[in-house]
Amino acid sequence: MSQHSQVLNKSIFAELPYVKADLTYIVRPKEKPINYAYIPASATPQRSATPDVHTVPIFDGRSIASEFSPDREGFALADYQTAVQDFYDDDEVQRVYYPEAEQFVKEQTDAVRVVVFDHVVRNAQRSQPGINTIREPGKRVHNDYTANSGYSRGRWVLNRIGEDNPDALLKNRFGIINVWRAIASPIQESPLAVCDARSIAPTDWVASDLVYPDRVGETYGVTYNSDHQWFYFPLMHRDQALLIKCFDSEEDGRARFSAHSAFDDPTSLADAPARESIELRTLVFYE
Ligand code: OGA
Ligand code: FE
């Protein structure tokens, strides 16, 4: 067994503080679930799968934060000071944040090349239904890509930046890593939970269509499994970032995908400021 898939050390968790919160999984479906990224025609549900809510412990990973690695648990927390002033300014995000984050991901991983290809700002107070530029926190357990769509997204990104031979590049190890951070005050409500990849069984993933007006992507929904070991980092502030491994082409036992979900934290104060965050999607190449 490789070092990446060593068994979970349950005794560590016994010491950690945790909150109990509801996470929304899906019931194992008979047909491939369909999710719409826009408001579909009337009578069509936004999501075809049946939600399956479970109350689970979500451990405070702060005291062991330096132990997490994208290749083992599928996520990691790191310090990251940014020069960006206004994350709502798309132009500044692309001009300042994209190159900064490319450097950050290189420093935090073995990647030799990093291409940022997408970002989403989340703020429930400023989001509008069906408009994807500013969104609400995503309160469903999911992973952004699948064993198939990691490749199709990689090819799409490489075509967009004018690479001559995407398929040749995608024969070497590559991955997709999200960089997630607070953009205003520390996160005091709707934090993000991430699941230790070693606690997820291959059969927990449910490939699902994600329908946009102009294309169909594929993401993973997740079915409940009492083995799942959830973490969060309370009060994430503007000077740190969470790396979330959403895809890895390597199939040697290291983390390939990462189940994650925002959740209603029962310990949040009623007047806590609405969560404001940004996530970047990056295509990474290894030597
Ligand atoms: C992500 C994600 C949800 C959220 O970063 O991929 O699913 O609420 N985020 O921030
Ligand atoms: Fe996601």
Side-chain angles (χ1 to χ4, degrees), residues 21-26 33 35 37 46-47 49 58 68 70 73-78 80 87-88 93 97 101 104-105 116-127 129 132-146 149-150 153 175-195 197 200 204-210 212 217-222 230-238 240-248 255-265 268 272-284:
D22 288 350
L23 292 182
T24 303
Y25 290 87
I26 57 171
N35 302 314
Q46 186 104 26
R47 311 180 180 285
I58 303 176
F68 296 111
E73 289 83 2
F75 57 86
L77 183 72
Y80 173 176
F87 279 101
Y88 292 99
V93 167
Y97 196 43
F104 169 76
V105 174
V116 178
F117 63 89
D118 189 24
H119 74 267
V120 175
V121 173
R122 298 196 190 252
N123 176 339
Q125 285 176 346
R126 285 170 71 161
S127 70
N132 287 326
T133 44
I134 300 181
R135 289 189 226 164
E136 298 190 326
K139 290 181 182 157
R140 289 167 309 104
V141 181
H142 72 281
N143 182 55
D144 301 14
Y145 300 98
T146 67
S149 67
R153 204 62 177 148
I176 297 175
I177 292 179
N178 288 6
V179 178
W180 191 102
R181 76 179 321 126
I183 61 175
S185 45
I187 306 288
Q188 291 158 71
E189 65 94 25
S190 299
L192 191 72
V194 280
C195 189
I200 304 172
D204 297 342
W205 300 116
V206 180
S208 311
D209 282 335
L210 179 57
Y212 293 89
E218 194 180 61
T219 61
Y220 279 132
V222 182
W230 288 96
F231 291 93
Y232 79 123
F233 300 97
L235 299 175
M236 267 187 73
H237 54 76
R238 208 180 180 276
Q240 343 183 263
L242 195 56
L243 295 115
I244 308 171
K245 167 101 68 83
C246 288
F247 177 78
D248 198 317
R256 294 193 69 200
F257 313 109
S258 177
H260 52 276
S261 177
F263 66 98
D264 290 323
D265 178 351
S268 292
R275 184 244 275 193
E276 296 177 71
S277 64
I278 187 170
E279 73 231 33
L280 283 186
R281 299 200 158 72
T282 78
L283 183 63
V284 304

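Both ligands and their constituent atoms are indexed starting at 1 by order of listing.
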Can you find a pair of side-chain heavy atoms, one from [X] and one from [Y], that are under 4.5 Å apart?
| X | Y | value |
| --- | --- | --- |
| H119 | Y97 | no |
| F247 | R256 | yes |
| F68 | L77 | no |

Which atoms from ligand 1 have a heavy atom of [X] less than 4.0 Å away?
| X | result |
| --- | --- |
| P137 | 8 (O) |
| A262 | 8 (O) |
| R275 | 4 (C), 8 (O), 10 (O) |
| N178 | 1 (C), 5 (O), 6 (O) |
| D144 | 6 (O) |
| G138 | 3 (C), 4 (C), 8 (O) |
| H142 | 7 (O) |
| R281 | 1 (C), 6 (O) |

**Request:** First locate atom CD of E276, then atom CG of N123, and finally report the distance between them rounded to the nearest 0.5 Å.
**Result:**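 Taking CD in E276 and CG in N123, the distance rounds to 4.5 Å.
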**Prompt:** Does any N or O atom in S277 lie less than 3.5 angstrom from one in ligand 1, N or O only?
**Reply:**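 Between S277 and ligand 1, no N or O pair is found under 3.5 Å apart.
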**Request:** Report, rounded to 10°, the angle at the Fe ion (ligand 2) between the two atoms OD1 (D144) and NE2 (H142).
**Result:**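 So the angle at the metal works out to 90°.
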**Message:** Could you identify the single nearest non-hydrogen protein atom to atom 1 (C) of ligand 1 and state the distance to 0.1 Å?
**Reply:**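 Residue, atom and distance for the closest contact: E279 OE2, 3.3 Å.
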**Item:** Under 2.8 Å: N/O/S of C246 next to the Fe ion (ligand 2)
**Value:**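 Of the N, O and S atoms in C246, none lies under 2.8 Å from the Fe ion (ligand 2), which means no.
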**Prompt:** If you look at every heavy atom in D264 and A21, which pair is closest and at what distance?
**Reply:**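 Closest approach of D264 to A21, heavy atoms only: O-CB, 3.7 Å.
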**Request:** Indicate whether any N or O donor in one side chain lies under 3.5 Å from an N or O acceptor in the other, for D144 and N178.
**Result:**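 Checked: D144/N178 side chains pair up, N/O donor to acceptor below 3.5 Å.
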